[in-house]
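The structure appears below as structure tokens.
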Number of protein chains: 2
Amino acid sequence: MNEKTRRPALAKAGRSSPTLEDLATAAGVSRSTASRAINGGLKVSPEAQAAVDAAIVALGYTPNRAARSLVTRRTASVALVIPEPDARVMMDPYFAAVITGVNEALRETDMQLVLLMSRTGDDSARTIRYLRGGHVDGAIVVSHHRADAWVESLGDTGLPTVFIGRPWDTGSGIPFVDLDNFEGGRLAAQHLARLGRTKLGTVAGPGDMTAAVDRLEGWLQGLREAGLQPGPVVHGDFTTPGGADAARNLFAQAPELDGVFAASDLMALGVVDAVRGAGRRVPDDVAVVGFDNHAILAPGGIGLTTVTHPVADMAEAAGQLLLRAIEDPGQGMDPLIYPPELVVRGSTVG
Amino acid sequence: MNEKTRRPALAKAGRSSPTLEDLATAAGVSRSTASRAINGGLKVSPEAQAAVDAAIVALGYTPNRAARSLVTRRTASVALVIPEPDARVMMDPYFAAVITGVNEALRETDMQLVLLMSRTGDDSARTIRYLRGGHVDGAIVVSHHRADAWVESLGDTGLPTVFIGRPWDTGSGIPFVDLDNFEGGRLAAQHLARLGRTKLGTVAGPGDMTAAVDRLEGWLQGLREAGLQPGPVVHGDFTTPGGADAARNLFAQAPELDGVFAASDLMALGVVDAVRGAGRRVPDDVAVVGFDNHAILAPGGIGLTTVTHPVADMAEAAGQLLLRAIEDPGQGMDPLIYPPELVVRGSTVG
DNA sequence: CCATGACGTGAGAGCGCTCCCACCGACCCT
DNA sequence: AGGGTCGGTGGGAGCGCTCTCACGTCATGG
């Protein structure tokens with residue numbers, strides 16, 4: 001009757017990105033055919049496919065993810081959950097490697113990475129609600145402490161989830177990717193023992209993280225196997241200043257130490273620093289072994305003897321694991337354990 | 001006629017999360033009222049509001065973002081674009097601080113952070129298509145090189161965009177948050193000049209990044225103002241090994257240097273290392289000034305004199321700027337420039 | 001020769017939500 | 001009293017997409 005009812009159509013024609021309908025019209029096919037052509041092109045004639053392809057380019061068409069997601073119940077995005085309360089901890093190159101690796105796994109897909117950092121307890125409630133709300137197709141959870149048990153409940157929600165680093169409760173059968181941290185600690189012990197070091201101190205990681213606990217146990221086991229007494233053990237927080245503090249603490253307890261194992265390279269850096277600050281030489285007086293094999297330049301141009309920890313690769317594997325889990329859910333997956341290797345550098349052998 | 005037509009209804013009743021319809025039914029109100037109650041509760045009676053609130057809890061209702069997004073044309077997510085081709089560069093604490101800061105800005109909103117790292121040229125095409133496709137409400141672009149000009153075209157797409165770090169082309173009027181890098185460089189020069197250092201070397205950053213160029217220019221300007229000749233200038237890549245290499249290069253050119261300005265703390269660490277490797281002392285023989293004020297322990301327990309660069313704060317500000325831009329688009333925004341400060345530590349004064 | 005596919009196609013419904021609009025009582029003003 | 005306004009409400013349309021289904025149109029086979 002009047003022109004008012006046309007308003008929506010006019011508005012649509014005005015700006016905004018082209019819809020599938022527009023695309024189909026431009027290609028001279030139906031919406032259905034256009035849709036098929038976009039999604040794999042099964043049951044589409046070559047001519048129709050070509051027409052649609054051309055129209056896509058001509059119109060600069062991008063499918064509306066919201067609309068697609070609404071009907072497919074897929075969001076084409078995965079969450080990377082970092083339950084780290086402390087911003088300072090984010091500085092750890094570990095997270096950079098994780099992000100890089102996960103991103104790499106997603107590169108060839110159209111999946112997007114949604115970053116979920118929850119710090120306060122309040123936040124974690126929001127996070128879990130978000131994850132359960134079906135806003136992502138899957139989740140990768142990284143570096144969680146014993147207190148972060150809530151993330152482990154993700155296993156029950158049916159949301160495909162992969163952990164990077166062994167979760168505290170493996171009973172729920174959530175797949176995870178981890179380093180054989182125990183073996184890594186053992187390698188460090190073997191190395192120092194073989195060098196003839198006998199008075200060994202330990203800068204362990206936080207006791208509420210599986211990686212730290214495993215490394216410590218492996219290290220102690222290695223010492224035992226070598227017939228050595230474990231010296232003092234101090235826990236650090238995986239940071240360099242923390243490592244330095246721990247080392248000072250260590251030497252206060254046992255000034256005669258001739259070797260120190262730090263459960264991370266960052267802490268090892270602090271250890272080296274503290275050793276030198278006390279007027280001792282590395283490695284001559286005190287040999288230092290780190291963990292992670294970050295490309296860190298140790299002070300004085302010496303390299304840091306360390307245990308490899310291919311975080312980026314592992315994160316990428318976790319991403320691929322997750323993609324598989326999203327493809328066909330319900331299929332159980334075995335944990336993926338990477339073997340560590342010792343890398344000998346100047347901090348233990350002159 | 002038969003029961004087949006009921007299948008969808010039955011399926012819906014079966015599993016899957018409750019819809020707004022379900023919520024409304026449970027609350028004894030209409031879908032419209034339920035919707036209003038959820039979205040701010042305007043024009044909703046207290047009773048209705050209470051009923052809906054109760055139903056939300058009872059059903060564990062979460063709005064379907066896809067459906068909402070479909071009609072509101074808002075996605076409740078923003079992109080953090082990192083056009084860094086090199087995974088190693090991601091290790092820079094800078095990015096960790098950026099991510100932390102942006103995340104902080106988004107905390108109180110329901111916005112999610114989508115990470116977009118584009119490395120190859122292929123990727124950048126995908127990235128820009130994604131951004132233009134209306135899949136996010138806004139974008140924050142960080143650390144882009146001169147070659148990454150494509151990101152600056154974002155300004156034309158109408159997508160609210162904020163840069164962290166001045167873009168090369170400020171003509172397009174894209175808002176950005178930056179440090180006064182020029183002034184920072186100048187502060188470093190003033191400091192070393194005041195200490196009586198006269199033979200000064202420079203480890204600059206990559207010449208294709210505005211921050212590096214600005215710091216260099218400020219530094220040179222500061223030297224000029226102090227009546228000093230600029231010594232040799234070598235460009236590093238903002239990494240520690242790169243800084244060490246650059247420093248060695250520097251001392252090969254001019255062994256008599258008694259002060260070095262490195263355009264980042266990471267590089268400064270490498271410089272200190274190289275200086276000591278050459279048998280000189282810091283700060284006695286060579287004073288070293290860094291840039292960024294990362295909480296880095298300099299070798300030997302001395303602190304690093306540096307220029308503050310509150311990246312996390314700036315990133316948070318960028319996030320807030322973006323949120324404002326999303327709220328009411330089309331409104332021009334002035335750049336936000338943070339003043340740097342000199343922090344004097346052991347690497348310049350014994 | 002018509003049944004039987006395989007293949008390509010288009011119409012239509014509907015995913016869960018918001019928003020416009022019409023409605024309805026309660027209240028206030030001439 | 002009658003005609004406003006106004007807070008609160010529900011119905012309906014429609015966002016852009018996928019997917020089921022029925023409908024041609026050809027080749028193939030009995």
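The model shown is predicted, which means the values in this text are computed figures rather than measured ones. Reminder, nothing fancy here: chain letters follow the sequence lines and each chain counts from 1. As a basis for the values below, the full set of heavy atoms in this structure was taken, side chains included, without hydrogen atoms, waters or symmetry mates.
Nearest nucleotide to the side chain of A:Val29, out of C:dC20, C:dT18, C:dG10: C:dG10. Considering only side-chain atoms of B:Ser32, the nucleotide from D:dT18, D:dC17, D:dG11 that sits closest is D:dG11.
Not a single donor-acceptor pair, N or O on each side, falls under 3.5 Å between the base of D:dT18 and the side chain of A:Arg36.
The separation between B:Glu47 atom CD and D:dG7 atom P is 16 Å, rounded to whole Å. Atom CG of B:Asn39 is separated from atom P of C:dC19 by 7 Å (rounded to the nearest Å). C:dT18 atom C1' lies 9 Å from atom CG of B:Leu20, rounded to whole Å. The distance between atom CG of B:Leu42 and atom C1' of C:dT18, rounded to the nearest whole Å, is 15 Å. Distance B:Lys43 NZ to C:dC23 C1': 14 Å, rounded to the nearest Å. Here the C1' atom of nucleotide C:dC17 and the CD atom of B:Glu21 are 11 Å apart, to the nearest Å.
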side-chain contact (heavy atoms from CB on, under 4.5 Å) between B:Leu80 and B:Asn103: does it pass, once the steps are laid out?
CA-CA 10 Å; B:Leu80 179 61; B:Asn103 201 267; over 6 Å; no
Given side-chain contact (heavy atoms from CB on, under 4.5 Å), test A:Leu131 with A:Thr161 step by step and report yes or no.
CA-CA 10 Å; A:Leu131 290 173; A:Thr161 306; over 6 Å; no
Going through the checks in order, is the side-chain contact (heavy atoms from CB on, under 4.5 Å) test met by B:Gln112 and A:Leu116?
CA-CA 8 Å; B:Gln112 294 301 334; A:Leu116 255 40; 3.1 Å; yes
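In this model, the phosphate group of D:dG16 is not approached by any side-chain N or O of A:Thr19 to a distance below 4.0 Å at OP1 or OP2. Proximity of B:Tyr61 to the phosphate of C:dG16: no side-chain N or O atom is located under 4.0 Å from OP1 or OP2. Distances shorter than 4.0 Å separate some side-chain N or O of A:Ser35 from OP1 or OP2 on D:dT18.
Applying the side chain to side chain donor-acceptor pair (under 3.5 Å) definition to pairs two or more places apart or across chains, none involves residues 57-66 of chain A. Residue pairs meeting the side chain to side chain donor-acceptor pair (under 3.5 Å) criterion with at least one member in residues 319-330 of chain A, sequence neighbours excluded, do not occur. Among residue pairs with one or both ends in residues 40-52 of chain A, those qualifying as side chain to side chain donor-acceptor pair (under 3.5 Å) are A:Gln49-A:Asp53; sequence neighbours excluded.
Partners of A:Arg36 by salt bridge (charged side-chain N to carboxylate O under 4.0 Å, His left out), not counting sequence neighbours: none found. For B:Glu316, the side-chain hydrogen bond (donor to acceptor under 3.5 Å, both in side chains) criterion is met by no residue, not counting sequence neighbours. When the side-chain hydrogen bond (donor to acceptor under 3.5 Å, both in side chains) test is applied to A:Asp110, no partner is found at least two apart in sequence or on another chain. With sequence neighbours excluded, the residues forming a salt bridge (charged side-chain N to carboxylate O under 4.0 Å, His left out) with B:Asp137 are B:Arg74, listed by chain and number. By the salt bridge (charged side-chain N to carboxylate O under 4.0 Å, His left out) test, A:Arg132 is found to be paired with no residue, residues two or more places apart in sequence or in another chain being considered. Listed by chain and residue number, A:Asp214 satisfy the salt bridge (charged side-chain N to carboxylate O under 4.0 Å, His left out) test with A:Arg166 (two or more places apart in sequence, or in another chain).
Across residues 50-60 of chain B, not one residue has a non-hydrogen atom less than 4.0 Å from an atom of DNA chain C. Across residues 64-79 of chain B, B:Asn64, B:Ala67, B:Arg68, B:Leu70, B:Val71, B:Thr72 each have a non-hydrogen atom less than 4.0 Å from an atom of DNA chain C (numbered order).
At its two ends the helix from C:dC1-D:dG30 to C:dC28-D:dG3 runs along axes set 60° apart, each axis drawn from five pairs and the angle rounded to 10°.
Nearest-nucleotide positions on DNA chain D place B:Pro46 closer to the 5' end than the other of B:Pro46 and A:Arg31.
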